[in-house]
Undergrad: 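Can you read through this structure? Questions will come right after.
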Number of protein chains: 2
Amino acid sequence: MPRQKANIDRVFHALGDPTRRAIVERLSEAPISASHLATPLKITVAAVVQHLQILEKSGLVRTTKVGRVRTCRIEPKGFSVAEQWIGERRSMWEKRFDRLGDFLAEPEE
Amino acid sequence: MPRQKANIDRVFHALGDPTRRAIVERLSEAPISASHLATPLKITVAAVVQHLQILEKSGLVRTTKVGRVRTCRIEPKGFSVAEQWIGERRSMWEKRFDRLGDFLAEPEE
DNA sequence: ACGATACTTAAGTATCCGCTTGACAATAGG
DNA sequence: CCTATTGTCAAGCGGATACTTAAGTATCGT
């Protein structure tokens, strides 16, 4: 599997979980520590750390540890993978709609 | 849970599976029947139908049955839910970067 | 009418995933 | 130093999920 494809997998899989999206929403407002992330989510810190590992490997989040606190922040570049994938699909079906009428069926075979 | 939030859930969950994304990629090129979708995926038609149900409930795909063949096509509007969610996050962290320097940490508490 | 095609539905299975618990490590603060 | 805080790691549990198989329905072509 090509490297880029594997990354698309990781990104969409990461965004597929509601808790991880809640983390992303939180981090979009401000960087914050792992334990502070956990509090409003009603799950243990251990669970949050597991989510953070997935988010970090997907490139959506970056974390840095200083002292005993791990500060988490959004990695904006990571999201362009998802936006690009959707964008590519969109350009495809828009191209089709240009060639043919929107509502005219053109089933294959 | 607000209706819109539930839909975001469905959309990202649907896109979280690689097989379903493969289906979306295929449908972006042209509408196609369920059994034709199955062939290159190396899974049974029954499995494809299950994926189609999820994709349809998420609003990403629309299917219409005429005679015995169910034709599947992309529902472009469905994708804007995902694009919008990402777009909202992006505008948030960009706003932060305007107020402060990009690299200046501002951890909460 | 009959067989083949295209899908549908239900049930079962095996794997994955999110989460907890509990034990541990490292740092901060009095 | 001693204790509280913050995070890490490993193991395990239960439920979700992606798939298969098998049996059924509806439609098409001859």
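Below, read A as the first sequence line, B as the second, and so on, with proteins coming before strands; counting in each chain starts at 1.
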Undergrad: Under 4.0 Å, heavy atoms only, any strand: does A:A47 hit a base, just the sugar-phosphate, or nothing?
TA: base
Undergrad: Please name the pair of heavy atoms, one in B:R26 and one in B:P40, separated by the smallest distance, quoted to 0.1 Å.
TA: NH1-CG, 3.2 Å
Undergrad: What is the distance, rounded to the nearest whole Å, between atom CD of A:Q53 and atom P of D:dG7?
TA: 13 Å
Undergrad: Where each residue is assigned the nucleotide of DNA chain C containing its nearest heavy atom, which of B:K65 and A:R20 is assigned the position nearer the 5′ end?
TA: B:K65
Undergrad: Could you state the CD1-C1' distance from A:I43 to C:dT21, rounded to the nearest angstrom?
TA: 15 Å
Undergrad: Under a 4.0 Å N-O cut-off, is there an ion pair linking B:E83 with A:R90?
TA: yes
Undergrad: Please report the distance, rounded to the nearest Å, between CZ in B:R70 and P in D:dA26.
TA: 14 Å
Undergrad: Does D:dG7 have OP1 or OP2 sitting under 4.0 Å from an N or O in the side chain of A:S35?
TA: yes
Undergrad: Would you tell me if any nitrogen or oxygen in the side chain of B:H51 comes within less than 4.0 Å of OP1 or OP2 on D:dT17?
TA: no
Undergrad: Would you say a side-chain N or O of B:T19 is under 4.0 Å from OP1 or OP2 of D:dC19?
TA: yes
Undergrad: Side-chain contact test, heavy atoms from C-beta onward, threshold under 4.5 Å: evaluate it for B:S58 versus B:Q53 and give yes or no.
TA: no
Undergrad: If you pin A:G67 and A:V45 to their nearest nucleotides in DNA chain C, which one's is more 5'?
TA: A:V45
Undergrad: Go through D:dT20, C:dT8, C:dT21 for me and flag the one nearest to the A:A46 side chain.
TA: C:dT21
Undergrad: Between C:dT20, D:dG7, D:dT20, which nucleotide gets closest to the side-chain atoms of B:Q50?
TA: D:dT20
Undergrad: Atom NE2 of B:H36 to atom C1' of C:dA6: distance rounded to whole Å?
TA: 11 Å
Undergrad: Looking at D:dG7, C:dC19, C:dT8, which one has an atom nearest to any side-chain atom of A:V69?
TA: D:dG7
Undergrad: Nearest whole angstrom, please: distance from the P of D:dG15 to the NE2 of B:H13.
TA: 17 Å
Undergrad: Check whether B:R20 reaches the backbone of B:L55 with its side chain - one donor and one acceptor, N or O, closer than 3.5 Å.
TA: no
Undergrad: Roughly, in whole Å, what's the span from CZ in A:R68 to P in C:dA25?
TA: 17 Å
Undergrad: Under 3.5 Å, is there a donor-acceptor pair between the B:E29 and A:W93 side chains?
TA: no
Undergrad: Measure CZ/A:R10 against C1'/C:dC16 and give the value in whole Å, please.
TA: 17 Å
Undergrad: Taking CD1 from A:I54 and P from C:dC16, how many angstroms apart are they, rounded to a whole number?
TA: 14 Å
Undergrad: Would one find a side-chain N or O of B:T44 under 4.0 angstrom from OP1 or OP2 of D:dT20?
TA: yes
